[in-house]
Protein chains: 2
Amino acid sequence: MEHLFRYAEKLSDMTLSEKEKEMISSAFKPKKLRKRQYFLQEGDVCKFVGFIIKGATRMYSVDQKGNEHILRFSIEEWWVGDSESYTDLVPSKYNIDAVEDTEMLVTTFALMQPLMAEIPAIAKMIRTMDQRSYIASQRRMHASITMTAEERYDDFYGSYPQLLQRFPQGMIASYLGISPETLSRIRKNAGVKP
Amino acid sequence: MEHLFRYAEKLSDMTLSEKEKEMISSAFKPKKLRKRQYFLQEGDVCKFVGFIIKGATRMYSVDQKGNEHILRFSIEEWWVGDSESYTDLVPSKYNIDAVEDTEMLVTTFALMQPLMAEIPAIAKMIRTMDQRSYIASQRRMHASITMTAEERYDDFYGSYPQLLQRFPQGMIASYLGISPETLSRIRKNAGVKP
DNA sequence: CTGTTTTCTTGATATTTATCAACAGCATTA
DNA sequence: TAATGCTGTTGATAAATATCAAGAAAACAG
């Protein structure tokens, strides 16, 4: 639970009182996911959010041809869940599963509400997270519109080196919106560069 | 100013008191932009946010070859500004200009803070906006990764018919990340469909 | 360790989309 | 009205990327 406290204090730039920490503790429960286990399946409404203590997950959709398209990776200190589904209480279009054995702290949106209302640090943390997510997704969109496959890979390489080491190459390709073969060739050529 | 009050009440699902309305009024100023006039130029820190009463703007970047890439359209009841720039007080990578003569209400981030802190409806409105923006950008990212140019156009056509009528076709192409020629051909073939 | 499955690589080919170039249609303005 | 510029169209060609197929390498399970 300490991980979460530290994260909230860091993002909010505020200190949590003991009482606040207790409130938070009682809202969250530890949960473990084995590798390949689902956190959310397409068609279900996402009712839980998770904060990763250890491990890695991905969120992806599956198209008619059965191809997977990864929208989001999460590792330690990142949040997991489909905000589109839980905000509007709508069945999710995505799956979330564990890429490694994963430990997280989970809560429901119902339990999260009072925390946001009564703990200023939590409210601020959420707001900061929302802002950062939006900025990150705007950046990604910009990359997607303006760059070639190779430039997107280089950009990803520069922005998220930790993720590169953590997820198999085929998943990175899916995240970047290119085929695994193309990514393999890009990486081969990369060494040749100046 | 009434437009803004109605918008805040709608998004927050709360009512604004007269006093709150006065606070808001004193923080915002009307501003007009002529067609083609800049609201923000690349390299400047974005210090203002605008709420469009009438008109249309776009936010875009310009690459080394001089090609413009549109990241965002805004029309009536939408907000204008570069959150990446104002959140981190960093020079913007984007330009924002008016596509039509535009009337907006503008404020600074400094003036916005107290409103958010003291007017619950404003805080809630911002939070709702952030959520919606994030969900919209996640959707767009998904479209970008998953779909062909033609599918992305159809998706846009279904999601934002108002924008289609409002912005020239070349700008739509830029927003979708395809060349104007390709969009022209897609539209030609569209009629042939079942 | 050894077989089995998953992931990555490589080549050949097909498809999608961009680029370049020319021109037509319209609107704006001088 | 003539001139100018902006927007969209079309054709020819080139470049980027996907797909298909096969095999190599690495990871995993018993």
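Just so we're on the same page: letters track the sequence lines, and every chain starts at 1. Here the structure is a predicted model, which means the values were calculated and not measured.
- The interatomic distance linking B:Glu151 (CD) with C:dT15 (P) rounds to 16 Å, in whole Å.
- Of the N and O atoms on the side chains of B:Ser137 and A:Ser137, at least one donor lies less than 3.5 Å from an acceptor on the other residue.
- There is a side-chain donor-acceptor pair under 3.5 Å between A:Tyr153 and A:Arg187.
- Ion pairing between A:Glu77 and A:Lys54 fails under the 4.0 Å rule for side-chain N and carboxylate O.
- Within a heavy-atom distance below 4.0 Å of DNA chain C, the residues of residues 165-185 of chain B found are B:Gly177, B:Ile178, B:Ser179, B:Glu181, B:Thr182, B:Arg185.
- In this structure, the CD atom of B:Glu68 is 18 Å from the C1' atom of C:dA18, given to the nearest Å.
- Comment: B:Arg36 does not engage B:Asp97 in a salt bridge, judged by the lack of any side-chain N to carboxylate O separation of less than 4.0 angstrom.
- Residues B:Leu71 and B:Arg140 come closest through the heavy atom pair O-NH1, 2.7 Å.
- Protein chain A contacts DNA chain D from D:dT17 to D:dC28, reading 5' to 3' and using non-hydrogen atoms of the protein with a distance under 4.0 Å.
- When every heavy atom of A:Leu33 is checked against every heavy atom of A:Ala98, the shortest pair comes out as CB-CB, 3.9 Å.
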**Item:** CA sep, side-chain torsions, deciding dist, call: B:Lys93, B:Glu42, salt bridge (Lys or Arg N to Asp or Glu O under 4.0 Å)
**Value:** CA-CA 5 Å; B:Lys93 293 178 282 192; B:Glu42 187 179 345; over 6 Å; no
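- Among the heavy atoms of the strands lying under 4.0 Å from A:Lys35 are primed sugar atoms or P, OP1, OP2 only; no base atom is included.
- Checked for salt-bridge contact, A:Arg166 and A:Glu76 meet the test: a charged N lies under 4.0 Å from a carboxylate O.
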